[in-house]
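Scroll down for the structure; my scribbles are underneath it.
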Amino acid sequence: MSMTNATQKALDGEPTRDVGSILIAGAGIGGLATALALAKRGIASTVLERRSAFEPEGAGIQIGPNGTRILAELGVADELEPLAGKPDAVHARNALSGASLARLPLGKWIEARHRAPYWVLHRQDLHAALLKSARESRIISIMTGFDVASAAMERDRVSIQDKGGRRLDGDALIAADGLRSHLRGELFDAPPLRFAGRSAARAVIPFEAMPEPLRENATTLWMSPRAHVVHYPVRGAREVAVIFVRKDTIASDDWSTAIPNAWVTDIAEGFAPILRELLETPPQWKKWALYELPPLPFWNLDRVALLGDAAHPTLPFMAQGAVLALEDAAVLARAVAERPADLPRALALYASARRHRASRVVAAAKSNGRIYHLDGMAAHARDATLRMAPPTMLMSRYDWIYGWRP
Ligand SMILES: Cc1cc2nc3c(=O)[nH]c(=O)nc-3n(C[C@H](O)[C@H](O)[C@H](O)COP(=O)(O)OP(=O)(O)OC[C@H]3O[C@@H](n4cnc5c(N)ncnc54)[C@H](O)[C@@H]3O)c2cc1C
């Protein structure tokens, strides 16, 4: 699509002469957001993506106010708004009895509290909006089919090579190459990912396919010792993303391993009938194994820095994986813009501003996972707390997450 000069100007900031071009490995959520955040400050970048094309993959992704605020700053919120689900509440339920335990407020309450909305999106829609905006920028180049295999520091440059031996130079390299980051292992001597012993099955179904009593505008969370289930409306409430998390022994290594429905329904034997009905609805579930990595001691090395899942893989139980990548992008762009003549220092400041927060969110996600799968008396105590505590008080405990600002 051709654009007027005025539109292009609105996308990109004034050019910054001190920085030539930043290389970004990975055109996922974090890599594209970083390119856009840099472009807003007039800094050019080249985004290298291993895939030769962007396939329609993924399912639901939740974006709290700390993330939607950044999407607005990047200029993609207007495009996403009609596609976003805007749940009124987190509806906590017991998966075995079906009992409704609490409705923690989202919707208008959280938007007023943090001055930004809580959205639930299809990952494809989020990725497509970031990609479209990046393609429209005059100072962002995107190369697909470029699988970054190595990087070398050369005085005041970074040189990277892809698997086919193609070479590119830049002023700095941001490794946003995701959960299985190759650069994290190669340059940061990081330990291997550890399979968390759990996998998530995901499906997206039409809203009308939902059992009638479950058709509500909420992020619904069903908890049980064996598994937990989350579902929420996406694509402007035309579809519903359903996620089922259980113990597993087989660590698949992509986002979309097709699995037999029995992988879900066998575990759901003792669940409330209405929940079982929902879990029997999707024609096909896709599995995604969950991984952990202890906090890394450092994320930056001279002119290279890790970002997003490459820096801090997280379990999805706080729904903050994509949002942390957006936060990283905002902080990194500011640090580079403030110190364009000293990029190693800029990357060091970015890493020190982010490491503690990312570790804290990752720990909170892990702790949520334990709470969702409590058993016996501990599960009774959890359910009683949810029933009795004021919902706004329960939600306010997450102010430190949703109230974050770059
Ligand atoms: C196909 C796909 C589907 C996903 N679906 C979901 C979902 O449904 N729900 C959810 O919560 N999360 C999903 N995620 C993960 C989610 O996007 C991330 O956890 C989060 O957004 C953090 O973003 P990120 O940029 O760090 O990583 P990602 O968004 O995973 O992006 C990493 C990118 O780097 C590319 N890459 C990897 N290695 C190299 C290399 N050597 N050279 C160049 N490029 C490389 C990858 O192809 C990918 O495009 C998905 C990720 C992918 C890649």
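Whatever order the structure lists them in is the order used to number ligands and atoms, beginning at 1. Every value quoted in this text rests on a predicted model; they were computed, and no experiment measured them.
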Within the supplied structure, the quantity of interest is the number of heavy atoms (other residues, nucleotides, ligands) at a distance under 6.0 Å from [X] [atom1]; does it exceed 12?
{"X": "Arg115", "atom1": "CZ", "result": "no"}
{"X": "Asp189", "atom1": "CG", "result": "no"}
{"X": "Lys286", "atom1": "NZ", "result": "no"}
{"X": "Asp266", "atom1": "CG", "result": "yes"}

- Item | Residues Arg167, Glu154: salt bridge by 4.0 Å N-O rule | yes
- Task: Look at Lys132 together with Glu79 and state whether they make a salt bridge at an N to O cut-off of under 4.0 Å.
- Result: yes
- When you look at His114 and Asp399, which way does the side-chain contact (heavy atoms from CB on, under 4.5 Å) test go after all the steps? CA-CA 8 Å; His114 299 300; Asp399 280 352; 3.3 Å; yes
Look at [atom] and say which protein heavy atom is nearest, naming residue and atom and giving the distance to 0.1 Å.
{"atom": "atom 9 (N) of ligand 1", "value": "Gly60 O, 3.0 Å"}
{"atom": "atom 8 (O) of ligand 1", "value": "Ala59 N, 2.5 Å"}
{"atom": "atom 33 (C) of ligand 1", "value": "Gly28 N, 3.7 Å"}
{"atom": "atom 53 (C) of ligand 1", "value": "Trp255 NE1, 3.4 Å"}
{"atom": "atom 25 (O) of ligand 1", "value": "Gly30 N, 2.7 Å"}
{"atom": "atom 28 (P) of ligand 1", "value": "Arg123 NH2, 3.9 Å"}
{"atom": "atom 39 (C) of ligand 1", "value": "Asp177 CB, 3.6 Å"}
{"atom": "atom 49 (O) of ligand 1", "value": "Glu49 OE1, 2.7 Å"}

- Arg235 charged N/C atom sitting above Phe207 aromatic ring, 6.0 Å / 45°: no
- Query: Can the positive tip of Arg354 be found less than 6.0 Å from the middle of the six-membered ring of Trp404, inside 45° of the ring normal?
  - Reply: yes
Contact partition for [X] relative to ligand 1, non-hydrogen atoms under 4.0 Å:
{"X": "Leu324", "answer": "neither"}
{"X": "His127", "answer": "neither"}
{"X": "Ala322", "answer": "both"}
{"X": "Trp288", "answer": "side chain"}

Within-shell test, [X] vs ligand 1, heavy atom, strictly < 4.0 Å:
{"X": "Ala176", "result": "yes"}
{"X": "Leu48", "result": "yes"}
{"X": "Phe146", "result": "yes"}

- Message: Working note: Arg303 + Leu173, criterion side-chain contact (heavy atoms from CB on, under 4.5 Å); need CA distance, chi angles, decisive distance, verdict.
- Response: CA-CA 6 Å; Arg303 288 171 178 268; Leu173 169 65; over 6 Å; no
- Candidate with minimal heavy-atom separation from atom 34 (O) of ligand 1, of Ala25, Gly26, Gly308, Ser181: Gly26
- Query: Relative to atom 18 (C) of ligand 1, which among Asp309, Leu306, Leu126 owns the nearest non-hydrogen atom?
  - Reply: Asp309
Interfacing atoms of ligand 1 (cut-off 4.0 Å, heavy-atom, [X]):
{"X": "Gly178", "value": "27 (O), 32 (C)"}
{"X": "Ile61", "value": "10 (C), 11 (O), 12 (N)"}
{"X": "Asp147", "value": "40 (C), 41 (N), 42 (N)"}

- Message: Looking only at distances, can you tell me whether any N or O atom of Arg50, backbone or side chain, sits closer than 3.5 Å to an N or O atom of ligand 1?
- Response: yes
- Task: Give yes if a backbone or side-chain nitrogen or oxygen of Val148 is under 3.5 Å from a nitrogen or oxygen of ligand 1, and no if not.
- Result: yes
- Distance-only polar pair, side chains of His91 and Ser100, donor-acceptor under 3.5 Å: yes
- Residue pair Arg50 / His182, side-chain donor-acceptor N/O under 3.5 Å: no
- Test Asn66 against every option in Leu324, Ile401, Leu326, Val361 by the side-chain contact (heavy atoms from CB on, under 4.5 Å) rule and name the one that passes. Ile401
